[in-house]
J.: 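Take a look at the following structure, please.
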Amino acid sequence: MNAIYTAEAIATGAGRNGRTRTRTDDGQVDFALAAPKALGGSGAGTNPEHLFAAGYAACFHSALQLVAREAKADLGDSSVGAKVGLARNDAGGFSLLVSLEVVVPGLSQEDAQALADKAHQVCPYSNAVQGNIDVKVLVSDD
């Protein structure tokens with residue numbers, strides 16, 4: 001496979017309490033990082049779970065738009081929200097938990113769920129985590 005786009009970023013400092021930025025001249029991403037209060041941090045900055053949730057939500061919404069175009073379905077004012085949780089696993093390490101909330105106001109629950117399920121097959125993030133992270137895809141009215 002050949003990449004059609006590659007993003008590059010670097011993290012420096014003290015991991016969750018350091019800094020992350022893109023390694024390109026555009027400077028689009030440049031964040032101070034802070035561990036969340038739930039992990040004993042200050043919570044005064046972004047963290048890897050924030051960044052993963054934002055990226056997954058945007059990527060999944062793009063996949064949803066793609067499958068809707070192919071199905072000639074109107075998504076209207078749709079949205080995708082992502083929740084990314086951090087949990088201890090049985091091996092003593094950590095695992096991610098993901099829940100995606102899809103809202104498509106103009107479609108029935110069944111039609112929206114069918115598009116969301118198809119988007120889950122198309123989305124690069126979904127394909128990347130398949131078999132590694134339990135992802136719940138929920139269609140909601142709000």
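The analysis underlying the following values was restricted to heavy atoms, covering all of them including side chains, and did not include hydrogens, waters or symmetry mates. It should be emphasised that the depicted structure is a prediction, and the values quoted were computed from it without experimental measurement.
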J.: Between Phe94 and Asn89, what is the shortest heavy-atom contact and its length?
T.: O-ND2, 3.4 Å
J.: Is there a salt bridge (Lys or Arg N to Asp or Glu O under 4.0 Å) between Arg16 and Glu49 once you walk through the steps?
T.: CA-CA 10 Å; Arg16 288 181 171 273; Glu49 291 73 34; 2.6 Å; yes
J.: Is it true that Ser79 and His61 share a donor-acceptor pair across their side chains at a distance under 3.5 Å?
T.: no
J.: Between Val135 and Leu100, is there a side-chain heavy-atom distance shorter than 4.5 Å?
T.: yes
J.: Does any N or O in the side chain of Asn127 come within less than 3.5 Å of the main-chain N or O of Gln121, such that one atom is a donor and the other an acceptor?
T.: yes
J.: Could you go step by step and tell me if Val102 and Phe60 meet the side-chain contact (heavy atoms from CB on, under 4.5 Å) rule?
T.: CA-CA 9 Å; Val102 178; Phe60 195 90; 3.8 Å; yes
J.: Do the non-hydrogen side-chain atoms of Tyr56 and Val84 ever get within less than 4.5 Å of each other?
T.: no
J.: Do the non-hydrogen side-chain atoms of Val122 and Leu66 ever get within less than 4.5 Å of each other?
T.: yes
J.: For the residue pair Leu97 and Lys136, establish whether any side-chain heavy-atom pair is separated by less than 4.5 Å.
T.: no
J.: Going from CG on Asp30 to OG1 on Thr20, what distance comes out if it is rounded to the nearest 0.5 angstrom?
T.: 8.5 Å
J.: How far apart are the closest heavy atoms of Ala34 and Gly45, and which atoms are they?
T.: CB-N, 3.3 Å
J.: Specify the closest pair of heavy atoms between Val139 and Ala116, including all atoms of both residues, with the distance to one decimal.
T.: CG2-CB, 4.1 Å
J.: Would you check, one step at a time, whether the test side-chain contact (heavy atoms from CB on, under 4.5 Å) holds for His50 with Phe31?
T.: CA-CA 11 Å; His50 287 154; Phe31 291 110; over 6 Å; no
J.: Testing the 3.5 Å rule here: is there a donor-acceptor pair between the side chains of Thr22 and Gln28?
T.: no
J.: Does a donor on one side chain and an acceptor on the other come within less than 3.5 Å for Gln113 and Asp117?
T.: yes
J.: Are Gln65 and Leu75 packed together at the side-chain level, in the sense that at least one heavy-atom pair is separated by less than 4.5 angstrom?
T.: yes
J.: Out of curiosity, Ile133 CD1 to Ser95 OG, how far, rounded to the nearest 0.5 Å?
T.: 8.0 Å
J.: To the nearest 0.5 Å, how far apart are CZ in Arg69 and CG in Leu64?
T.: 10.0 Å
J.: Should Val129 and Phe52 be marked as a side-chain contact (heavy atoms from CB on, under 4.5 Å) after you check the CA-CA gap, both sets of side-chain angles, and the distance that decides it?
T.: CA-CA 12 Å; Val129 303; Phe52 191 78; 4.0 Å; yes
J.: Of Thr46, Asn17, Thr12, which meets side chain to side chain contact (heavy atoms under 4.5 Å, CB included) against Leu33?
T.: Thr46
J.: Heavy atoms only: give me the nearest Ser126-His120 pair and the separation to one decimal.
T.: OG-ND1, 2.7 Å
J.: Got more than 12 heavy atoms from elsewhere within 6.0 Å of CG, Asn132?
T.: yes
J.: Could you walk me through whether Val29 and Arg21 pass the side-chain contact (heavy atoms from CB on, under 4.5 Å) test, one step at a time?
T.: CA-CA 5 Å; Val29 174; Arg21 61 181 168 79; 5.6 Å; no
